[in-house]
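Reviewing the structure listed below.
Not measured: the values here are computed from a predicted model. Numbers here are sequence positions counted from 1.
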Amino acid sequence: SMGELTRLQRKREKTRSALLNAARGLVCERGHDKISIQDLTDRADVGVGTFYNYFESKQHVYEAVLEEIRFSFNQQLTELRKPIKDPATILTVTLLYSFQQAQDNEDWRTFLTYSGLGSDHILHQDEEQCLSDIRFGAQRGRFKVDNVQFTSSLIIGMVRHVSREITLGNLSRNSMQETTRYILRMLGLPDLVAKALVQTPLPPIPASKKSNEIENQADLSKMKGFRS
């Protein structure tokens, strides 16, 4: 029956969630190389066999934890973007917030450091969203774009590269604004307009329902290095 089905789904969600929380906790306490699947299932209070109904390996459960953190980052980004109408402002806020979170999101940085997943995992906006942002700006005549797909792909590549370089210490934090300014210019905005957009402080983040996860991500009004 339908009731039975939703009950099973709830149970599955609960078990999956328990395994994710176990992974999150243990990884930050011990580091990934000191954790067995048995440790994870003990902490989650499920049988070892159960683990394999949800994840193929420890690597998979760690990646799922990152996805969970990425999901709450995307929720915050959505809230931040909601009141904005102008395509160039939407893009600017999105890029600056993504750059900032890639460095300062404590949950993400801590988990990535201890999970051994490596620097290929970078917090940034969803690629589909970037594509539709560029398309929206082009339709409104705010961006001059020949090929939306190519341009969007280029932007995601730049964002990933710059975030990685900042993390490695090869670029300073003001490359967040610099890159954003270059991207706006690449989209046909005059330099003065691009400069002004990039120097406007980000709007404050609306309070989230899941505020406990967000608290340690530091109030955005205290953001470091936002105005060079």
Side-chain angles (χ1 to χ4, degrees), residues 1-83 90 94 97-98 101-102 104-133 135-136 152 156 159-160 205-218 220:
S1 72
M2 279 303 288
E4 185 72 4
L5 203 62
T6 51
R7 197 178 64 79
L8 276 171
Q9 278 168 336
R10 273 204 307 273
K11 189 171 183 293
R12 275 191 69 84
E13 270 309 300
K14 204 169 160 220
T15 305
R16 188 175 188 277
S17 182
L19 285 165
L20 287 175
N21 289 337
R24 215 166 174 164
L26 283 167
V27 160
C28 297
E29 286 163 32
R30 302 183 195 171
H32 68 101
D33 47 356
K34 296 186 180 65
I35 301 168
S36 67
I37 285 180
Q38 174 97 49
D39 292 331
L40 289 171
T41 55
D42 285 352
R43 171 76 62 103
D45 201 22
V46 297
V48 173
T50 305
F51 178 89
Y52 293 101
N53 294 334
Y54 295 85
F55 302 103
E56 285 172 43
S57 65
K58 286 191 297 183
Q59 169 104 358
H60 281 100
V61 76
Y62 298 160
E63 284 172 355
V65 171
L66 279 187
E67 279 315 302
E68 221 182 25
I69 302 170
R70 194 188 287 281
F71 180 77
S72 50
F73 155 79
N74 277 316
Q75 280 183 314
Q76 291 259 273
L77 184 55
T78 303
E79 288 302 306
L80 206 56
R81 289 161 52 100
K82 247 182 211 155
I90 291 174
T94 300
Y97 181 64
S98 301
Q101 284 291 294
D104 301 339
N105 184 313
E106 277 305 315
D107 289 350
W108 180 270
R109 294 297 297 272
T110 307
F111 192 79
L112 202 53
T113 304
Y114 292 111
S115 67
L117 287 176
S119 61
D120 271 356
H121 296 269
I122 293 164
L123 207 49
H124 57 78
Q125 99 179 109
D126 181 66
E127 299 184 18
E128 283 304 307
Q129 188 189 57
C130 182
L131 189 64
S132 71
D133 286 351
R135 187 173 289 125
F136 176 55
S152 169
I156 292 287
V159 167
R160 288 178 57 83
I205 286 204
S208 155
K209 289 101 215 143
K210 296 175 85 176
S211 59
N212 60 335
E213 274 187 40
I214 308 310
E215 271 166 12
N216 60 358
Q217 285 174 22
L220 267 185

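Counting heavy atoms of neighbouring residues, nucleotides and ligands inside a 6.0 Å radius, atom CZ of F55 exceeds 12 of them.
Between A23 and L40, the shortest heavy-atom distance links the atoms CA-CD2, 3.5 Å. A44 and A18 make their closest contact through CB-O, 3.6 Å (heavy atoms, listed as atom of the first residue, atom of the second, distance). Across all their heavy atoms, L77 and S98 have their closest contact at CD2-OG, 4.3 Å.
Note that CZ of R70 is 10.5 Å distant from CG of N105, once rounded to the nearest 0.5 Å. Distance check, rounded to the nearest 0.5 Å: OH of Y62 to CG of L112 gives 13.0 Å. For the atom pair CD of E13 and OG1 of T6, the computed distance is 12.5 Å after rounding to the nearest 0.5 Å. To the nearest 0.5 Å, atoms CG (L20) and CD1 (I69) are separated by 10.0 Å. Between I122 atom CD1 and W108 atom CH2 the span is 8.5 Å, to the nearest 0.5 Å. Distance CD1/I156 to NE2/H124: 5.5 Å, rounded to 0.5 Å.
Side-chain atoms of Q101 and Y97, non-hydrogen and from C-beta on, do get closer than 4.5 Å to each other. Y54 places none of its side-chain heavy atoms less than 4.5 Å from the side chain of V61. Annotation: side chain of E63 is in contact with side chain of H121 (closest heavy-atom distance under 4.5 Å). Side-chain contact between T110 and V27 is absent, with no heavy-atom pair separated by less than 4.5 Å. Taking the side chain as every heavy atom from C-beta outward, D107 and R24 approach each other to under 4.5 Å. Under the 4.5 Å side-chain criterion, counting only non-hydrogen atoms from C-beta, T41 is not in contact with T50.
A donor and an acceptor atom, one from each side chain of S36 and D39, are located under 3.5 Å apart. In this model, a donor atom of one side chain and an acceptor atom of the other lie less than 3.5 Å apart for Q38 and D42. Counted by atom type alone, Q75 and E79 present zero donor-acceptor pairs between their side chains at under 3.5 Å. A donor-acceptor pair shorter than 3.5 Å can be found between the side chains of D133 and Q125.
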Step by step, would you call R81 with Q129 a side chain to side chain contact (heavy atoms under 4.5 Å, CB included)? CA-CA 11 Å; R81 289 161 52 100; Q129 188 189 57; 3.3 Å; yes

When you look at E106 and R109, which way does the salt bridge (Lys or Arg N to Asp or Glu O under 4.0 Å) test go after all the steps? CA-CA 5 Å; E106 277 305 315; R109 294 297 297 272; over 6 Å; no

Residues R12, Q9; criterion side chain to side chain contact (heavy atoms under 4.5 Å, CB included); working and verdict: CA-CA 5 Å; R12 275 191 69 84; Q9 278 168 336; 5.6 Å; no

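The pair E68-R16 fails the salt-bridge criterion, with no side-chain N (NZ, NE, NH1 or NH2) lying under 4.0 Å from an Asp/Glu carboxylate O.
Looking only at distances, a side-chain donor or acceptor of K58 sits under 3.5 Å from a matching main-chain atom of I35.
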